[in-house]
Amino acid sequence: MTTLDDSTPAVPPLVIAIDGPAASGKSSVARELAAHLGWTYVNTGNMYRAATLAVILADADPTDESAVLEVIDRTEFTCPVRDGRSVILVNGADVDGELNSEPVNKAVSHVARIPKVRAILLDLQRGIGRSQPSVMEGRDIGTVIFPDAPWKFYIDASEEVRAKRRGLQGLTDSVRDRDRMDSTRKTAPLMAAADAVVVDSSEMNLAEVVAHVRALLASRSFPETGPVQAPAASA
Ligand code: DC
């Protein structure tokens with residue numbers, strides 16, 4: 001049984017928090033940045049997608065909270081780090097190839113708004129971020145998972161650009177519907193942390209966004225070379 005752990009360690013975690021709406025480009029930016037730094041890349045959306053997949057495979061209704069929890073309670077989620085990225089296993093199985101299916105796209109925001117599902121995944125996410133330098137992306141990393149992260153970014157883009165980027169990925173889900181549900185839910189809604197730097201990527205390509213974020217990091221106590229230490233207070 002996993003519990004919500006709200007203890008705040010004295011030393012800030014070596015975590016770069018990257019939040020933002022669907023298809024804003026945050027995953028690509030986080031992945032590139034993690035590879036550049038040699039830090040662990042953590043895609044927390046994949047964790048919600050894995051929980052949703054478990055619900056779908058069990059033939060449970062993703063909009064029925066007790067049915068979802070019944071499945072989640074008997075499912076084991078683990079997050080080993082492989083090749084520099086955290087992978088989500090469902091009952092020991094790697095489900096990576098099934099996480100972006102249409103049924104998962106449609107159901108994930110329903111599952112992600114259930115507080116107990118979020119509490120279980122919060123424990124996993126904090127476990128990774130506290131044990132190794134990580135670039136972690138999602139919706140609530142800077143606000144809820146690591147409010148003490150020294151470096152926080154909120155990557156945004158216009159709705160039109162995001163819909164186009166989604167299409168280029170070969171995906172047809174409505175980012176607008178998902179964003180509406182993700183930003184209006186009661187628990188840990190999608191929002192920029194008060195101390196996050198907001199980056200509008202609408203007019204930038206991936207290389208430009210990564211370069212921009214690296215320049216912002218360099219101006220916020222983040223050395224380009226040598227050992228990295230978290231500053232005592234949020235930058
Ligand atoms: O990043 P993504 O589009 O793969 O995320 C899938 C869904 O998971 C998203 O619609 C909302 C949810 N999510 C969340 O609620 N909190 C996070 N930290 C990450 C994702």
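The figures here come from the full heavy-atom set of this structure, side chains too, leaving out hydrogens, waters and symmetry mates. When a ligand or atom number is given, it counts from 1 through the structure's own listing order.
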Next item on the list: Working to the nearest 0.5 Å, report the span between OG1 of Thr44 and CG of Asp19.
Entry: 7.5 Å
Notebook entry, point to check: Could you give the distance from CD (Gln125) to CG (Asn43), rounded to the nearest 0.5 Å?
Noted result: 10.0 Å
For ligand 1, which atoms, with element, lie under 4.0 Å from some heavy atom of [X]?
{"X": "Thr44", "answer": "17 (C), 18 (N), 19 (C)"}
{"X": "Ser109", "answer": "10 (O)"}
{"X": "Ala112", "answer": "12 (C), 15 (O)"}

Answer with side chain, backbone, both or neither: which part of [X] has a heavy atom less than 4.0 angstrom from an atom of ligand 1?
{"X": "Lys26", "answer": "side chain"}
{"X": "Arg113", "answer": "neither"}
{"X": "Arg185", "answer": "side chain"}

Next item on the list: Would you name the heavy atoms of Val95 and Ala50 that are closest together and state the gap between them?
Entry: CG2-CB, 4.3 Å
Check: Do you know which two heavy atoms are closest between Asn46 and Arg85, and how far apart they sit?
Finding: ND2-NH2, 4.1 Å
Looking only at N/O atoms, are [X] and ligand 1 under 3.5 Å apart anywhere?
{"X": "Asn46", "value": "no"}
{"X": "Glu137", "value": "no"}
{"X": "Arg49", "value": "yes"}

Check: Counting distance only, does the side-chain N/O of Trp151 pair as donor-acceptor with the main-chain N or O of Ala17 below 3.5 Å?
Finding: no
Next item on the list: Could you tell me whether the side chain of Asp156 and the main chain of Asp200 form a donor-acceptor pair under 3.5 Å?
Entry: no
Give me the nearest non-hydrogen protein atom to [atom] as residue plus atom name, then the distance to 0.1 Å.
{"atom": "atom 1 (O) of ligand 1", "answer": "Arg139 NH1, 2.9 Å"}
{"atom": "atom 20 (C) of ligand 1", "answer": "Gly45 CA, 3.5 Å"}
{"atom": "atom 8 (O) of ligand 1", "answer": "Tyr48 CB, 3.5 Å"}
{"atom": "atom 6 (C) of ligand 1", "answer": "Arg178 NH1, 3.5 Å"}
{"atom": "atom 11 (C) of ligand 1", "answer": "Asp182 OD2, 3.1 Å"}
{"atom": "atom 16 (N) of ligand 1", "answer": "Arg118 NH2, 3.0 Å"}

Next item on the list: Consider only side-chain heavy atoms of I, L, V, M, F, W and Y, link residues closer than 4.5 Å, and tell whether Leu53 and Leu124 are in one cluster.
Entry: yes
Note to self: Test: salt bridge (Lys or Arg N to Asp or Glu O under 4.0 Å). Region: residues 54-71. Which pairs qualify, not counting sequence neighbours?
What the structure shows: Glu70-Arg74
Next item on the list: Please name the residue in the list Arg165, Glu208, Lys26 that meets the side chain to side chain donor-acceptor pair (under 3.5 Å) test with Ser201.
Entry: Arg165
Checklist line | Shortest heavy-atom approach to atom 7 (C) of ligand 1 - which of Asn105, Thr187, Val108, Asp177 | finding: Val108
Notebook entry, point to check: Do Arg113 and Asp182 meet the salt-bridge criterion of a basic N to acidic O distance under 4.0 Å?
Noted result: no
Margin query: Could you check whether atom CD of Glu102 has more than 12 heavy atoms from other residues, nucleotides or ligands sitting under 6.0 Å from it?
Written below: yes
Notebook entry, point to check: Taking the non-hydrogen atoms of Gln125, is any one of them nearer than 4.0 angstrom to ligand 1?
Noted result: no
